[in-house]
Amino acid sequence: MLDKKYNFAEKEKKWQDYWFENDVYKFDENSNAPKFAIDTPPPTVNGHIHMGHLSSYTHIETIARHHRMKGENVYFPFGFDDNGLPTERYVEKKIKKHASELERQKFIEICLDETRKLEDEFFDLYKSTGFSCNLKEHYSSISLNTQKISQKSFLDLYKKGYIYQDKAPSLWCTECQTACAQSELEDMDVESTFNYLKFFIKGKNEYVTVATTRPEMLCGVVCVFINPEDKKNAHLLKEKLIVPHFGFEVPVLADELVSMEKGSGVVMCCTFGDNVDKEWQRKHNLEIKECFTSNGRMTALAKEFEGLPILACRKAVIEKLKEEDLLIKQENITHTVSTHDRCGTPVEIEVKKQWFIDVLSHKQELYDAGLKLNWHPQNMRARYLNWVENLSWNWCISRQRYYGVPFPVWYCKKCGKPIFADEKDLPVDPLKDKPHKKCECGCGEFEPETDVMDTWATSSLTPQISSDMVTHKGLDDSFVPFNLRPNAHDNIRVWDFYTIVKSLYHFGKLPWTDLMISGYVTSSDGSKLSKSKSNGSGSPQEIVKNNSADVTRYWANNMALGKDTAFSLFEFDNGKKFVNKLWNASKFVLSFLEDYTPKEVKLETMDAWLLEKYKNLYKSFIKHLDTYEISLALSEVERFFWDFCDNYVELVKRRLYNPNIFGARECESAKYTCYHVLLGMLKMFSPFVPHITEEIYQSYYAKIENKISIHVSGYLDLGDKVDKSVLDKGEEVLDIVSAVRQFKSENKLSLKTEVEDITITSQNCDFIKKAEADLKGVAGARKINYKDGDFKVEIGKVILEQN
RNA sequence: GGGAGAUUAGCUCAGUUGGUAGAGUACCUGCCUUACAAGCAGAGGGUCAUAGGUUCGAGCCCUAUAUCUCCCACCA
């Protein structure tokens with residue numbers, strides 16, 4: 001017997017411990033069942049988790065449970081992305097110090113320590129939400145084993161010619177003082193001024209107007225461009241121009257990228273103010289002039305402005321130009337600048353020696369990969385393709401930082417050639433370890449590579465890192481392709497893209513077959529939730545604790561796939577009601593099944609109808625979950641469930657209570673139906689609300705089915721041939737019930753009020769007659785008359801209660 | 001500038017092969033019905049953004065338009 005009230009706090013904890021202790025969700029390496037491998041997103045350990053993460057993980061969770069219920073051998077690993085800049089930034093903020101202020105080793109130790117604390121918090125939340133990933137073992141992107149895999153990947157791609165080192169322009173963050181990748185850029189609107197400056201023509205008292213938003217870069221101007229079609233300014237090509245204030249001269253060149261309409265139609269070029277400068281530098285082989293130091297100060301080029309931060313210098317230069325009457329006018333504008341997603345600082349372009357993975361020469365291959373993968377929802381494919389089409393930088397994987405996977409590389413002190421570590425020695429830390437061989441030039445002394453790898457250079461290997469926990473094969477493709485890569489849409493251009501790159505380059509294979517892309521949870525005002533801003537409505541820990549894991553999961557599972565949803569606790573009410581109803585309905589139904597053993601019986605009409613309806617539901621339920629339509633699957637089974645409660649149970653409860661009146665076989669038929677349909681529903685609900693379904697299952701069905709848990713008990717498939725005519729005719733019986741209820745409601749009568757008779761006009765009287773006993777009961781009718789014709793229900797005389 | 005999505009009841013949103021507009025919630029009217037008042041029954045409430053088109057038939061397909069959100073590009 002189930003308790004009168006369901007105590008979620010007690011039960012949820014109980015089952016979480018039970019699942020954990022009994023390894024209910026363990027992946028079976030020796031199983032012959034079809035494998036379903038999930039490339040679980042390792043959360044970035046850089047702050048506290050929010051409802052967005054929780055909802056996205058719930059979706060993954062539900063899919064994992066679904067496949068387990070289908071009898072598949074589900075590989076659902078668990079890990080943390082705890083290396084790299086995100087973590088460093090988190091730690092820097094926390095200790096209020098820049099990494100460069102500490103000794104390298106000390107800083108790394110603090111990072112390790114802080115991530116461990118956060119990881120404990122993540123772990124507790126995963127467990128208390130009932131996640132069925134393997135909680136007993138997890139990978140970490142900073143562990144030595146991961147470093148080994150990551151370094152091996154580096155060596156392999158270098159050997160295959162995908163990785164190169166070059167002194168080339170790369171994106172630079174002056175705040176984090178490191179190179180970054182195109183995928184780490186974020187747009188930001190900034191108030192700025194468009195400054196129209198006088199560039200005098202050498203030897204003449206004439207000037208050309210040049211407009212710029214970056215006057216502080218005047219010291220780095222290398223030339224001025226006009227459009228080759230620009231007849232008005234064509235004469236300038238023969239002239240030299242004098243850079244305002246700084247006074248040096250630069251040539252005028254022509255390039256079709258210059259827009260004649262923008263600004264004054266004449267543009268100054270520095271190396272490097274933006275992307276176009278980068279292209280011009282290459283195309284016209286321009287001199288490289290560095291205006292900024294790596295921490296965002298002006299270099300000696302800026303003369304008296306040397307040492308000033310970029311923005312301060314801009315102000316100072318503008319003042320100077322005003323004084324010298326070189327500034328014609330200023331326009332206030334709002335323009336978009338690219339900023340670093342980790343700190344919000346506008347990025348600059350710097351020329352430094354960096355390691356790159358070539359993606360630009362494989363665009364087509366990468367594009368085609370996007371076409372071959374199954375995206376759910378489908379429109380997310382466009383985002384990937386759009387990203388690949390617009391790639392303009394190779395993937396810079398070196399970071400001038402500290403807490404990350406080191407490059408397995410040294411440089412010869414004499415000739416400067418890189419020396420690579422031997423695979424068998426991995427992982428290596430070039431700062432501590434030394435190469436075992438001499439350089440080709442005969443020199444035996446080396447400088448270590450001090451850069452570390454971009455965190456994505458490692459997390460793009462999650463299929464290998466996670467499967468290594470089972471295969472112990474390291475960088476290996478025996479688990480590839482995984483069945484599913486799930487993540488939110490912000491990661492398409494980052495994690496998804498990079499994982500595809502690595503898998504194609506290493507193995508020539510796609511890393512997975514399917515992607516499931518979740519939307520964002522936004523705060524109630526529509527803004528994005530973030531780990532640093534606290535604009536959510538409480539921490540996930542509190543929400544789960546106050547509302548139960550099942551209700552929280554129910555909420556998350558109702559989000560349409562790929563769509564952003566505003567968070568609102570109000571939406572939790574549905575889940576609370578649902579859980580309560582499921583408990584009460586199960587309690588009621590099971591109270592009739594205490595000594596029941598299921599056996600075949602000739603079914604009553606409405607019982608047969610419900611079973612047909614179940615079969616119909618089952619088919620579409622499986623279809624929805626197989627295609628990751630979680631919310632549709634849930635809403636369908638839920639609709640069936642409420643219908644079961646309000647209509648079917650009402651129809652048969654008298655039969656269940658009174659076998660002596662309705663007949664033993666008739667009662668048995670209802671029991672048979674209740675037994676199977678409730679079991680089937682619990683199993684279907686189990687991926688969504690795992691705790692309450694387990695509690696109900698364990699209190700009754702587990703013994704009969706002899707299963708350790710509902711979650712590995714398999715769905716209840718009653719066959720897929722559905723008799724559509726039975727479905728329709730059964731609905732007509734419900735229409736009769738509905739008509740009687742309406743009559744009573746309109747006449748303000750209690751539903752149990754009895755009536756003398758009802759007269760049913762229908763073309764299905766033969767069918768309805770077979771359900772007469774149930775119908776009489778629920779309608780409170782003493783007699784039923786039948787007529788052939790178009791559907792109509794007439795209610796006879798009301799029998800008033802006799803006291 | 002390129003792309004994706006949204007626009008359906010007062011509110012939040014479903015609606016996946018084109019076939020009489022749905023749910024929850026709110027409001028209203030009833031009902032203590034041998035599970036559930038965190039419940040049950042019933043009622044009202046919609047030119048499915050706008051304008052055209054295809055079709056016997058369009059919320060759904062096509063073409064424009066409007067408003068909003070997001071991604072990308074531009075960012076002299």
Side-chain angles (χ1 to χ4, degrees), chain A residues 2 4-5 182 185 187-190 192 194-195 197 210-214 217 224-225 257-259 262-270 273-277 280 333-338 346 377-392 489-490 492-493 519-520 522 526 528 558-560 562-566 568 570-571 573-574 576-592 620 623-624 627 629 631-632 635-636 638-639 642 645-646 649-650 653-654 656-658 737-738 740-753 778 780:
Chain A
L2 301 181
K4 184 146 173 45
K5 289 265 175 193
Q182 190 182 351
L185 300 184
D187 284 352
M188 195 164 70
D189 285 330
V190 211
S192 182
F194 212 11
N195 307 284
L197 309 180
V210 175
T212 180
T213 53
R214 305 207 60 180
M217 292 193 82
V224 168
F225 278 107
L257 280 180
V258 178
S259 147
K262 228 177 206 174
S264 58
V266 183
V267 50
M268 68 184 216
C269 170
C270 332
D274 63 28
N275 255 343
V276 184
D277 290 341
W280 281 335
I333 54 159
T334 307
H335 71 159
T336 330
V337 294
S338 289
Q378 232 188 359
N379 62 294
M380 291 297 173
R381 171 182 283 129
R383 291 208 188 196
Y384 173 86
L385 299 180
N386 192 218
W387 172 252
V388 175
E389 275 176 338
N390 286 307
L391 278 173
S392 55
H489 52 56
D490 57 338
I492 292 174
R493 65 175 179 157
Y520 270 142
T522 59
K528 189 174 152 185
N558 265 303
M559 287 171 65
K563 269 191 195 163
D564 293 352
T565 304
S568 153
F570 175 70
E571 306 285 328
D573 288 352
N574 281 345
K576 287 181 191 166
K577 285 186 186 175
F578 164 68
V579 165
N580 185 49
K581 188 79 174 177
L582 183 59
W583 183 256
N584 283 313
S586 303
K587 185 174 68 184
F588 181 63
V589 167
L590 293 180
S591 71
F592 294 105
S620 100
K623 190 192 92 194
H624 284 318
T627 53
E629 288 291 355
S631 59
L632 291 185
S635 67
E636 276 200 20
E638 208 193 338
R639 177 191 294 267
W642 286 95
C645 295
D646 298 341
V649 170
E650 288 302 321
K653 69 194 215 184
R654 281 157 204 84
L656 283 164
Y657 272 120
N658 308 299
V737 175
S738 187
V740 175
R741 283 170 174 169
Q742 183 177 352
F743 171 84
K744 291 182 181 173
S745 188
E746 278 169 0
N747 292 285
K748 308 197 172 179
L749 296 166
S750 160
L751 287 179
K752 67 175 180 185
T753 310
V778 73

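The structure presented is a predicted model; accordingly, all values stated were derived computationally and were not measured. Per chain, numbering begins at 1; letters A, B, ... match sequence-line order.
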Peer 1: Under 4.0 angstrom, heavy atoms only, what part of the nucleic acid is A/Ser338 near: base, sugar-phosphate, or nothing?
Peer 2: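 Base, at least one base heavy atom under 4.0 Å.
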Peer 1: The side chain of A/Ser259 is closest to which nucleotide in this list: B/C72, B/A41, B/A76?
Peer 2: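 Selected nucleotide: B/A76.
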Peer 1: When all nucleic acid strands are considered with a 4.0 Å heavy-atom cut-off, which category describes A/Arg214: base, sugar-phosphate, or nothing?
Peer 2: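 If one applies the 4.0 Å heavy-atom cut-off, A/Arg214 turns out to touch nothing in the nucleic acid.
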Peer 1: Base, sugar-phosphate or nothing for A/Trp642? Non-hydrogen atoms, less than 4.0 Å.
Peer 2: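 Answer is sugar-phosphate: A/Trp642 comes under 4.0 Å of backbone atoms only.
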Peer 1: Regarding A/Lys744, tell me which of base, sugar-phosphate or nothing describes its non-hydrogen contacts under 4.0 Å with the strands shown.
Peer 2: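 Counting heavy atoms under 4.0 Å across all strands, no contact is made by A/Lys744.
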Peer 1: Considering residues at least two apart in sequence or located in another chain, which fulfil the side chain to side chain donor-acceptor pair (under 3.5 Å) criterion with A/Lys581?
Peer 2: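 Partners of A/Lys581 under the side chain to side chain donor-acceptor pair (under 3.5 Å) test: none.
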Peer 1: Are any non-hydrogen side-chain atoms of A/Arg383 and A/Asn386 less than 4.5 angstrom apart?
Peer 2: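 With C-beta onward as the side chain, the pair stays apart.
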Peer 1: Just the rounded figure in Å: distance from C1' of B/U29 to CG of A/Leu749.
Peer 2: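 A/Leu749 atom CG is separated from B/U29 atom C1' by 13 Å.
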Peer 1: Specify the separation, in whole Å, of atom CG of A/Leu391 and atom P of B/C71.
Peer 2: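 Distance check: A/Leu391 CG to B/C71 P gives 17 Å.
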Peer 1: Backbone N or O of A/Ser631 within a donor-acceptor pair of the A/Asn558 side chain at under 3.5 Å?
Peer 2: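 No.
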Peer 1: Specify the closest pair of heavy atoms between A/Ser392 and A/Asn275, including all atoms of both residues, with the distance to one decimal.
Peer 2: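 In this case the closest contact between A/Ser392 and A/Asn275 is OG-ND2, 4.2 Å.
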Peer 1: Can you tell me, in whole Å, how much space there is between the C1' of B/A66 and that of B/C28?
Peer 2: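 Here B/A66 and B/C28 have their C1' atoms 37 Å from each other.
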Peer 1: Considering every strand and a 4.0 Å limit on heavy-atom distances, what is the contact class for A/Phe225: base, sugar-phosphate, or nothing?
Peer 2: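 Touches nothing.
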Peer 1: Which is true for A/Gln182 with a 4.0 Å heavy-atom rule: it touches a base, it touches only sugar-phosphate, or it touches nothing?
Peer 2: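 Contact class for A/Gln182: sugar-phosphate only.
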Peer 1: Rounding to a whole Å, what distance do you find between A/Lys5:NZ and B/G39:P?
Peer 2: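 Rounded to the whole Å, the gap is 10 Å.
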Peer 1: Hey, is the main chain of A/Leu751 close enough, under 3.5 Å, to the side chain of A/Lys744 for a donor-acceptor pair?
Peer 2: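 Indeed, once roles are kept as given, a pair shorter than 3.5 Å links the two residues.
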Peer 1: Sticking with atom C1', work out how far B/C27 lies from B/G44, rounded to a whole angstrom.
Peer 2: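 These two C1' atoms come out 9 Å apart once rounded.
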Peer 1: Quick one: which protein N/O atoms are closer than 3.5 Å to N/O atoms of nucleotides 24-26 of chain B? Pair and distance per line, please.
Peer 2:
| from | atom 1 | to | atom 2 | distance (Å) |
| --- | --- | --- | --- | --- |
| B/G24 | O2' | A/Asn574 | OD1 | 2.5 |
| B/G24 | O2' | A/Asn574 | ND2 | 3.1 |
| B/U25 | OP1 | A/Lys577 | NZ | 2.6 |

Peer 1: Compare every heavy atom of A/Lys5 with every heavy atom of A/Trp583, then report the nearest pair and how far apart it is.
Peer 2: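 Of all heavy-atom pairs spanning A/Trp583 and A/Lys5, the closest is NE1-C, 3.7 Å.
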Peer 1: Measure CZ/A/Phe194 against P/B/A76 and give the value in whole Å, please.
Peer 2: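 Rounded to the whole Å, the gap is 6 Å.
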Peer 1: Without decimals, in angstroms, what is the distance between A/Asp564 CG and B/U7 P?
Peer 2: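 Roughly 14 Å, once rounded to whole Å.
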Peer 1: What interatomic distance, in whole Å, is found between P of B/A21 and the corresponding atom of B/G59?
Peer 2: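 My reading of the P atoms in B/G59 and B/A21 gives 8 Å.
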Peer 1: When you measure from the side chain of A/Asn747 to the backbone of A/Leu749, do you find a donor-acceptor pair of N or O atoms at a distance under 3.5 Å?
Peer 2: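 Such a contact is absent between A/Asn747 side chain and A/Leu749 backbone.
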Peer 1: Collect all protein-nucleotide pairs involving nucleotides 32-35 of chain B in which both atoms are nitrogen or oxygen and the distance is under 3.5 Å.
Peer 2:
| from | atom 1 | to | atom 2 | distance (Å) |
| --- | --- | --- | --- | --- |
| B/U33 | OP1 | A/Lys752 | NZ | 3.3 |
| B/A35 | OP1 | A/Lys653 | NZ | 3.3 |
| B/A35 | OP2 | A/Tyr657 | OH | 2.2 |
| B/A35 | N6 | A/Cys645 | O | 3.4 |
| B/A35 | N3 | A/Asn584 | O | 3.3 |

Peer 1: Less than 4.5 Å apart, side chain to side chain, heavy atoms only: is that true for A/Val267 and A/Lys262?
Peer 2: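 No - every pair of side-chain heavy atoms lies 4.5 Å or more apart.
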Peer 1: Please give the distance between the P atoms of B/U12 and B/A4 as a whole number of Å.
Peer 2: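 26 Å, rounded to whole Å.
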Peer 1: To the nearest Å, how far apart are A/Trp280 CH2 and B/A76 C1'?
Peer 2: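 From A/Trp280 CH2 to B/A76 C1': 7 Å.
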Peer 1: What closest approach, in Å, do A/Val258 and A/Gly265 show between heavy atoms, and which atom pair accounts for it?
Peer 2: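 Smallest interatomic distance, heavy atoms only, reads CG1-O, 3.6 Å.
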Peer 1: According to side chain to side chain donor-acceptor pair (under 3.5 Å), who are the partners of A/Gln742, at least two apart in sequence or on a separate chain?
Peer 2: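 Listed in chain order: A/Glu746.
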Peer 1: What does A/Val258 touch in the nucleic acid at a heavy-atom separation under 4.0 angstrom: a base, only the sugar-phosphate, or nothing?
Peer 2: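 Answer is base: heavy atoms of A/Val258 come under 4.0 Å of a base.
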Peer 1: List for me each residue that meets side chain to side chain donor-acceptor pair (under 3.5 Å) alongside A/Asp277, sequence neighbours excluded, and say none if there are none.
Peer 2: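 So A/Asp277 forms no side chain to side chain donor-acceptor pair (under 3.5 Å) with any residue.
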Peer 1: Could you tell me whether A/Ser631 contacts a base, only the sugar-phosphate backbone, or nothing, with contacts defined as non-hydrogen atoms closer than 4.0 Å?
Peer 2: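 No contact at all - A/Ser631 keeps every heavy atom at 4.0 Å or more from the nucleic acid.
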Peer 1: Quick one: label A/Asn558 by what it contacts on the DNA or RNA (base, sugar-phosphate, nothing), any heavy atom closer than 4.0 Å.
Peer 2: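 No contact at all - A/Asn558 keeps every heavy atom at 4.0 Å or more from the nucleic acid.
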Peer 1: Can you tell me, in whole Å, how much space there is between the P of B/G46 and that of B/C11?
Peer 2: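 13 Å, rounded to whole Å.
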Peer 1: Given the rule in the side-chain hydrogen bond (donor to acceptor under 3.5 Å, both in side chains) test, do A/Lys587 and A/Asn584 qualify, once you have shown the distances and angles that lead to the verdict?
Peer 2: CA-CA 5 Å; A/Lys587 185 174 68 184; A/Asn584 283 313; 3.1 Å; yes
Peer 1: Taking the C1' atom in each of B/G45 and B/U29, what is the distance between them to the nearest angstrom?
Peer 2: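 Pairwise C1' distance, B/G45 against B/U29, rounds to 15 Å.
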Peer 1: In whole angstroms, how far is the P atom of B/A73 from the CG atom of A/Asn386?
Peer 2: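 It is 8 Å, rounded to the nearest whole Å.
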Peer 1: Measure across A/Met217 and A/Met268 and return the closest heavy-atom pair with its distance rounded to 0.1 Å.
Peer 2: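 That closest heavy-atom pairing would be C-CE, 4.3 Å.
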Peer 1: Relative to the 5' end of RNA chain B, which residue comes earlier, A/Met268 or A/Ser745, by the nucleotide with the nearest heavy atom?
Peer 2: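 Of the two residues, A/Ser745 wins.
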Peer 1: How far does the P atom of B/C61 sit from the matching atom of B/A23, given to the nearest Å?
Peer 2: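 Their P atoms lie roughly 23 Å apart.
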Peer 1: Can you identify which nucleotide, out of B/A41, B/A76, B/A73, has its nearest atom closest to the A/Trp387 side chain?
Peer 2: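 Output: B/A73.
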Peer 1: Using a heavy-atom cut-off of 4.0 Å across all strands, would you classify A/Thr212 as base, sugar-phosphate, or nothing?
Peer 2: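 If one applies the 4.0 Å heavy-atom cut-off, A/Thr212 turns out to touch the sugar-phosphate alone, with no base involved.
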Peer 1: Quick one: A/Asp274 CG to B/A73 P, roughly how many Å, whole number?
Peer 2: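 After rounding, the reported distance stands at 13 Å.
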Peer 1: Using atom C1' in both nucleotides, what's the gap between B/A14 and B/A6 to the nearest angstrom?
Peer 2: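 It comes out at 14 Å once rounded to the nearest Å.
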Peer 1: Of A/Glu571 and A/Asp187, whose nearest nucleotide on RNA chain B comes first from the 5' end?
Peer 2: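 Taking each residue's closest nucleotide, the earlier one in sequence belongs to A/Glu571.
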Peer 1: Quick check against the 3.5 Å criterion: does A/Arg654 have a side-chain atom that pairs as donor or acceptor with the backbone of A/Glu650?
Peer 2: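 Yes; judged by distance alone, with no hydrogens or angles, the pair exists.
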Peer 1: Could you run through RNA chain B and flag its stems, i.e. three or more consecutive Watson-Crick or G-U pairs with both distances under 3.5 Å?
Peer 2: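 Stems for RNA chain B, defined as runs of 3 or more consecutive pairs: B:1-7 with B:66-72, B:10-13 with B:22-25, B:28-31 with B:39-42, B:49-53 with B:61-65.
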Peer 1: Is the base of B/G2 touched by the side chain of A/Asn390 through a donor-acceptor pair closer than 3.5 angstrom?
Peer 2: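 By the distance-only test, no, there is no pair.
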